[in-house]
Amino acid sequence: MLATSHSQSKNPLKQCGILTGALLGLFLILCVPAYLTAGKTSVEGLVYSALLCLVPGLIILLMTGYFFREAPPASVMAISTLTRIMIAGVGALIIFNIRPDFGLANFSIWLLICYFASLLVETLLIIR
């Protein structure tokens with residue numbers, strides 16, 4: 001029974017659902033402060049930030065769940081952090097080029113909050 005419970009908690013699709021739910025909940029919580037900060041532009045930046053943090057998390061959870069099941073958590077976290085930094089960094093550069101009006105209040109602060117929240121959830125899911 002214990003082995004079955006452990007294997008179900010490592011189900012990659014369930015982990016992706018947990019990460020998606022956590023980021024969706026964070027998004028809903030941050031919508032009001034984002035709107036009060038700079039209106040619709042800030043909410044748009046929050047949407048981009050949440051997506052830029054969700055995509056690498058889903059990729060890593062699926063990869064570790066299906067391909068790297070026996071890999072040590074430390075190496076998985078190193079790959080996860082590099083993947084997240086690359087996707088979020090490149091995505092941020094693209095967004096800043098497309099939307100030069102985005103700044104600290106409209107995008108960067110939301111990206112940092114979503115980044116660290118998704119990293120926390122992902123880390124807990126991987127080491128559990």
Side-chain angles (χ1 to χ4, degrees):
M1 184 75 173
L2 184 60
T4 305
S5 173
H6 178 69
S7 65
Q8 285 184 354
S9 70
K10 287 290 191 178
N11 180 349
L13 295 178
K14 182 179 177 183
Q15 289 179 330
C16 289
I18 292 169
L19 178 64
T20 303
L23 277 177
L24 181 61
L26 180 66
F27 172 79
L28 292 174
I29 290 170
L30 293 177
C31 265
V32 172
Y35 186 76
L36 293 175
T37 302
K40 292 179 183 178
T41 305
S42 189
V43 175
E44 181 183 353
L46 176 59
V47 169
Y48 296 148
S49 299
L51 289 175
L52 281 176
C53 293
L54 178 62
V55 170
L58 295 177
I59 290 169
I60 291 300
L61 290 174
L62 290 172
M63 281 179 36
T64 59
Y66 290 119
F67 302 114
F68 303 116
R69 285 186 185 268
E70 303 302 320
S75 62
V76 171
M77 289 313 304
I79 293 169
S80 168
T81 302
L82 289 174
T83 303
R84 182 175 306 285
I85 287 173
M86 287 187 332
I87 291 175
V90 169
L93 290 174
I94 291 170
I95 288 172
F96 279 130
N97 282 331
I98 294 172
R99 296 291 307 266
D101 60 322
F102 275 1
L104 182 65
N106 295 335
F107 178 69
S108 300
I109 192 71
W110 308 122
L111 182 63
L112 288 172
I113 292 170
C114 291
Y115 181 91
F116 288 116
S118 62
L119 186 62
L120 173 69
V121 172
E122 185 182 318
T123 301
L124 293 174
L125 289 171
I126 288 174
I127 63 172
R128 182 169 61 151

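These numbers were taken from a predicted model, which means no experiment stands behind them. Heavy atoms only: backbone and side chains are in, while hydrogens, waters and symmetry mates are out.
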message: Between Leu58 and Ile85, is there shared hydrophobic-cluster membership here, with clusters defined by ILVMFWY side-chain heavy atoms closer than 4.5 Å?
response: yes
task: Give, for atom CZ of Arg99 and atom CG of Asn106, the distance between the pair rounded to the nearest 0.5 Å.
output: 8.0 Å
Ring geometry between Tyr48 and Phe102 (parallel below 30°, tilted from 30 to 60°, perpendicular above 60°): tilted
- prompt: Heavy-atom distance under 4.5 Å between the side chains of Ile59 and Ile87, does that happen here?
  reply: yes
query: Considering only heavy atoms from C-beta outward, does the side chain of Cys31 approach that of Leu46 to under 4.5 Å?
result: yes
- prompt: Going from SG on Cys114 to CG on Leu30, what distance comes out if it is rounded to the nearest 0.5 angstrom?
  reply: 6.0 Å
message: Rounded at 0.5 Å granularity, tell me how far CG in Leu119 sits from OG in Ser80.
response: 6.0 Å
Same apolar cluster: Leu120 and Ile126, side chain cutoff 4.5 Å: no
- request: May I ask whether Leu28 and Val47 are part of the same hydrophobic cluster, defined by side-chain heavy atoms of I, L, V, M, F, W, Y residues being less than 4.5 angstrom apart, directly or through others?
  value: yes
query: Is there side-chain contact between Leu111 and Ile95, with at least one heavy-atom pair below 4.5 Å?
result: no
query: Which value, rounded to the nearest 0.5 Å, describes the distance between Lys14 atom NZ and Leu61 atom CG?
result: 13.0 Å
Value rounded to 0.5 Å, distance of OG1 in Thr64 from CD in Glu122: 7.5 Å
task: For residues Ser118 and Leu19, determine if any side-chain heavy atom of one lies less than 4.5 Å from a side-chain heavy atom of the other.
output: yes
query: Looking at side-chain heavy atoms only, is the closest gap between Leu62 and Cys16 below 4.5 Å?
result: yes
message: Return the CG to CZ distance between Leu54 and Arg84, rounded to the nearest 0.5 Å.
response: 9.0 Å
- request: Compare all side-chain heavy atoms of Pro33 with those of Trp110 and state whether any distance is below 4.5 angstrom.
  value: yes
message: Do Leu23 and Leu51 land in one hydrophobic cluster if side-chain heavy atoms of ILVMFWY residues count as linked below 4.5 Å?
response: yes
task: Looking only at non-hydrogen atoms, find the nearest pair between Gly45 and Phe107 and report the distance.
output: O-CD1, 3.5 Å
query: Would you say Phe116 and Leu26 are hydrophobically clustered, going by side-chain heavy atoms of ILVMFWY under 4.5 Å?
result: yes
- request: Verify the neighbour count for atom OH of Tyr35: are there more than 12 heavy atoms of other residues, nucleotides or ligands below 6.0 Å?
  value: no
- request: Mind listing the closest non-hydrogen atom pair of Leu52 and Ala92 along with its distance?
  value: CD1-N, 3.8 Å
